[in-house]
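Report on the following structure.
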Amino acid sequence: MDKLNRKAVIAGNWKMNKTATEAKVLISELIPAVKDATCDVVICTPYTTLATAVEMTKGTNIKVGAENVHYEKSGAFTGEISADMLLDLGVEYVVIGHSERRQYFGETDQTVNKRTVAALNAGLKVILCVGESLQQREEGVTEELVRMQTKIALRGVTAEQMANVIIAYEPVWAIGTGKTATSEQAQEVCAQIRKVVGELYGEAVAKSTTIQYGGSMNAKNAEELVAKPDVDGGLIGGASLKAADFAVIVAAASNG
Ligand code: 13P
């Protein structure tokens, strides 16, 4: 029942794929393919593609997100992009705390928190990623780890701002590996995340927060995953680069 009160969101995370020229082809295929969605549809693209994506999706149901944002407003931070720069382009969403950034680019719970607060204060919507590694799952600390990541990331975020936060549960072992979490595993951890949100902000916020699953979600397994009571859509990597596959996932979340 609660699920009906929340908007399912299917977001593509393109990662470091597609030049702006290549993106034009994919976006022109995506627009008709997802036009009947009743869930929200977001594409998070590399910085170099954002202007093209915003321009091409004007007047459509596709929203555009970036894959990261810096926490300072401006200044001597060579190579970085601020929230205001994204907003000025017409970007609405930003992915923060993706495990690839944590793994390869020194992202910590503290920097995830700084980016989250800065993005929300500027007016962006945040897709906040949390999730355990295989070792952490095998050691039985998934719940503690995901609780900690969620709590630290949300430090200083107000209950009102939670309306602009989506949390994506992305088990690191399932990302790009073809090894999807079972729908039961996805449900279990998404429910734990919702519980933490409830502890921090109360039941009403917990019930209205969109919590996605991400990690090898594809056209075949999406329907079962998004049917789970606490799984409100998905953050899609590889399958978001194929319009036909992404459209099947969007359709599954539109029904789910
Ligand atoms: P894959 O769907 O390619 O496993 O990637 C998931 C992901 O990391 C989305 O952010």
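Numbers here simply count residues along the sequence, with the first being 1. Not measured: the values here are computed from a predicted model.
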Answer with yes or no whether the hydrophobic clustering places [X] together with [Y]; edges join I, L, V, M, F, W, Y residues whose side-chain heavy atoms lie under 4.5 Å apart.
| X | Y | result |
| --- | --- | --- |
| L89 | V42 | no |
| I96 | V9 | no |
| L124 | Y93 | no |

side-chain contact (heavy atoms from CB on, under 4.5 Å), paired with V112, selected from R102, Q149, R101: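 Exactly one option meets the side-chain contact (heavy atoms from CB on, under 4.5 Å) with V112, and it is R102.
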Q161 and its side-chain contact (heavy atoms from CB on, under 4.5 Å) partner, picked from L120, T116, V117: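 So the option named by the test is L120.
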Partners meeting salt bridge (charged side-chain N to carboxylate O under 4.0 Å, His left out) with E100 (sequence neighbours left out):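 Here the qualifying residues are K15.
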Test salt bridge (charged side-chain N to carboxylate O under 4.0 Å, His left out) applied to K220 - qualifying residues, sequence neighbours left out: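 If we apply the salt bridge (charged side-chain N to carboxylate O under 4.0 Å, His left out) test to K220, skipping adjacent residues, there are no hits.
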Heavy atoms from other residues, nucleotides or ligands near CD of E223 exceed 12 (cutoff 6.0 Å):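 No, not enclosed.
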Looking at every non-hydrogen atom in both residues, tell me the closest pair between [X] and [Y] and how far apart they are.
| X | Y | value |
| --- | --- | --- |
| A206 | V197 | CA-CG1, 3.8 Å |
| T142 | R137 | OG1-CA, 3.3 Å |
| L30 | A243 | CD2-CA, 3.8 Å |
| A186 | L225 | CB-CD2, 3.8 Å |
| C44 | V95 | SG-CG2, 3.7 Å |
| A247 | A33 | CB-O, 3.6 Å |

Separation between [atom1] of [X] and [atom2] of [Y], rounded to the nearest 0.5 Å:
| X | Y | atom1 | atom2 | value |
| --- | --- | --- | --- | --- |
| Y213 | T180 | OH | OG1 | 5.5 Å |
| T150 | I167 | OG1 | CD1 | 5.5 Å |
| L154 | Y201 | CG | OH | 4.5 Å |
| L145 | S133 | CG | OG | 7.0 Å |
| H70 | I81 | NE2 | CD1 | 11.0 Å |
| E55 | L50 | CD | CG | 13.0 Å |

Main chain of [Y], side chain of [X]: is a donor-acceptor contact present, judged purely on distance under 3.5 Å?
| X | Y | result |
| --- | --- | --- |
| S216 | I175 | no |
| N17 | W14 | yes |
| N218 | A239 | no |
| T111 | E107 | no |
| E80 | F77 | no |
| D109 | M148 | no |

Flag for Y169-E132: side-chain donor and acceptor within less than 3.5 Å: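 Per modelled atom types, E132 and Y169 side chains form a pair under 3.5 Å.
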Set of side chain to side chain contact (heavy atoms under 4.5 Å, CB included) partners for [X], sequence neighbours left out:
| X | result |
| --- | --- |
| E22 | K18, T19 |
| E203 | K207 |
| D84 | K73, S82, L87, A122 |
| Q103 | V172 |

With a 4.5 Å cut-off on side-chain heavy atoms, are [Y] and [X] touching?
| X | Y | value |
| --- | --- | --- |
| V189 | E143 | no |
| V94 | K125 | no |
| M217 | I249 | yes |
| K7 | C39 | no |
| N13 | I236 | no |
| V126 | N164 | no |
| L235 | I127 | yes |
| V41 | K63 | no |

Test: E72 and K114 ion pair at under 4.0 Å: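 K114 and E72: not salt-bridged.
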Inter- and intrachain pairs under salt bridge (Lys or Arg N to Asp or Glu O under 4.0 Å), touching residues 174-193, at least two apart: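 Sorted result for residues 174-193: E184-K228.
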Summary of side chain to side chain donor-acceptor pair (under 3.5 Å) pairs that have at least one residue in residues 33-52, sequence neighbours excluded: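 Side chain to side chain donor-acceptor pair (under 3.5 Å) check on residues 33-52 returns no pairs.
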Selection residues 230-244 - residue pairs positive for side chain to side chain donor-acceptor pair (under 3.5 Å), sequence neighbours left out: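 Side chain to side chain donor-acceptor pair (under 3.5 Å) check on residues 230-244 returns R6-D232, Q187-D230, R194-D230, R194-D232.
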Fellow cluster residues of L134, listed by chain then number, with links counted only when side-chain atoms sit under 4.5 Å apart: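 Its cluster mates, by chain and number, are W173.
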Transitive ILVMFWY cluster of M16, excluding itself - 4.5 Å side-chain cut-off: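 Same cluster as M16: nobody, lone residue.
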Pairs touching residues 97-151 that satisfy ring-ring contact (aromatic ring centres under 6.0 Å, His included), sequence neighbours left out: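 Listed by first then second residue: nothing to list.
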K24/M56 under side chain to side chain contact (heavy atoms under 4.5 Å, CB included): CA gap, chis, key distance, verdict: CA-CA 8 Å; K24 282 186 189 163; M56 287 184 75; 3.9 Å; yes
